[in-house]
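Below you'll find the structure, written out as structure tokens, and then a few comments.
Sequence lines set the chain letters: A, B, ... in the order given, protein chains first and strands last, and positions in each chain run from 1. Heavy atoms only: backbone and side chains are in, while hydrogens, waters and symmetry mates are out.
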Amino acid sequence: MTTTHEERPSVGADPLSLPPQPVPDAVTAPFWAALAEGRLAMCRCGDCGLWLQPPLERCRRCAGPTRFADVAGTGTVYSFIVQHRATVPGYLDDLPYVVALVELDEQAGLRLPARIVGVDPAQVRCGLRVRAEFADLPGGDFTVAVFRPVDGL
Amino acid sequence: MSRSLEGAAVVGIGRSPFVRSSGRTTLSMAAQAAREALADCGLTAADVDGFTCYSTGDSAGPSQVAHAIGVDDLGWSLSVLGGGNIVTSTVAGAAAAVLSGQAEVVVVYRVLGSQTRYGRALERIEVDGEGQFAGPHGYLVPPQWFAMFCRRHQYEYGSTAADLGAIAVQERDHAVRNPHAVARSPITLDDYLNSRWISEPFRLFDCCYEIDGAVAIVVTSAERAADLPHRPVHLLGAADSNRFGGSVDQWDDLSCMYSRDTAPRLWSRTGLQPADIDVACMYDCFTFTVMATFEDFGFCAKGEVGDYFRAGRATYGGDVVVNPHGGLLSEGYIHGLNHHYEAVLQLRGEAGDRQVSGAETALVTSGAGPFGGALVYGTAAA
Ligand SMILES: [Zn+2]
């Protein structure tokens, strides 16, 4: 999954056109590999079952070995922002866009930041039920999980 | 062994001009602030044996700055990686170095040049670490993180845009009397509400003013301070808190901040309480940082900050004067060390038009989200 600068597509004259690209490391690489296969997988302790985000090589509670396990992909909007200005590259044509902290159903407090799609920003609320779907990250090398309201609005 | 910071004092303060774009190096500005801080307390480079700063890897280091102002043999040099979250640890660490005999006179500084602007990251094309999960979604910079906190507070406690505006308006009103502030034009609540969205629920006037500049303070022992020109400003106690490895996404309750843990620790160590504080230099990278931490430190209940500010309780003649210099929102963002400068000025009684009359204690907070700290200064050793 890891790419080099040379392999990345040129951003040409507009350096703002692509969102920041992830740089997987030895611990996080399985997260990105799973997404490339259309699965959302999170780091979990093989001994005590604790979910860990960001991922760790060893469990912070029991020091047990960790692995990545698929999650249901359902969760709740814990909080969210509506981004009106370009302060980070990418999604310039999508302004204003919504980013939420999605609390996954697997464990209280287990959260992922993600864009919320398929809804008017004015309709997003804390507590909104959402489900993951997969989208190509502009740039061509990665897949990301975005979230869409479960019941429509 | 002493379990407190009593016995250490701030004796000198210095700073460079605060400007939007200086064209200067961080070494130049830090050296200027350090020289001014030493001149302020009648010391010279020959008296200095300790230097420390905090940074995000964006500034000249302590040994360089010490050398630049003429220190030949620096005995204690500590460069700390961190931002607003680490200011208290850095100042308290300097005091601890003095109290433990590792150094006698320590300069603490922070400098920010034009290459550092935290509010935008338009040049970021790759992100590693925890940022790799957020950056690809267009979520990477502090105004976004703390807008996320703010939204949750609004959801849980019903706080409003007008409540945030009350903080912005009050701080700007204070900055009018501060010639060193970069933003001195008064604003109204309408101005606040009409300012453009940045990361909703944050508008432009929720965000601090990022600038170039440096601040330095000189820390030494209370014994030595007694021989120096100014009324010493004593450290009465400090406390820090860190949870979730600093992760703003995983911090358990976004309606509050590190101060939830720091406040009881600080009040316990100092034997003080909010009613004892005359000046509160609240770290204000954003208006909401003031709101959350002000509640956590116990000045008012959750959800009541807006009413508190509107009632005039956070300004002259009220309960406590919050950021008499205008804070990071209006004086400018020197990563919170300018709060220490202001606290010292107020406790010396040298704040001029904006002097808080009879100021004897100042709370200085630093940081936001899952980590930060706070300390209390006093005119008399506890
Ligand atoms: Zn475990």
Selection from [options] maximising heavy-atom pairs under 4.5 Å formed with chain B:
options: A:R125, A:R60, A:R115, A:E103; result: A:R115
options: A:V146, A:T28, A:L112; result: A:T28
options: A:G109, A:P121, A:P138, A:A114; result: A:A114
options: A:V98, A:L110, A:V99, A:D94; result: A:V99

Side chain to side chain contact (heavy atoms under 4.5 Å, CB included) between B:H339 and B:D284, worked out:
CA-CA 10 Å; B:H339 281 18; B:D284 55 336; 3.3 Å; yes
For B:R20, look at atom CZ and say whether over 12 heavy atoms of other residues, nucleotides or ligands are found less than 6.0 Å away.
no
Most heavy-atom pairs under 4.5 angstrom with chain A, which of [options]?
options: B:E156, B:Q144, B:Q154, B:R120; answer: B:Q144
options: B:Y139, B:F149, B:W197; answer: B:W197
options: B:G138, B:S199, B:A134, B:A147; answer: B:G138

What residues form a ring-ring contact (aromatic ring centres under 6.0 Å, His included) with A:Y78, not counting sequence neighbours?
none
Could you tell me if the ring centre of [X] sits under 6.0 Å from that of [Y]?
X: B:F294; Y: B:Y308; answer: yes
X: B:H137; Y: A:F147; answer: no
X: B:H153; Y: B:Y155; answer: no

Segment of [X] engaging chain B (4.5 angstrom heavy-atom cut-off):
X: A:A145; result: backbone
X: A:A100; result: backbone
X: A:L137; result: side chain
X: A:F80; result: both

May I ask you to decide if the ring planes of B:F297 and B:Y258 are parallel, tilted or perpendicular, using 30° and 60° as cut-offs?
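Correct class here is perpendicular.
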Flag for B:D212-B:S22: side-chain donor and acceptor within less than 3.5 Å
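Yes, B:D212 and B:S22 have a side-chain donor paired with an acceptor closer than 3.5 Å.
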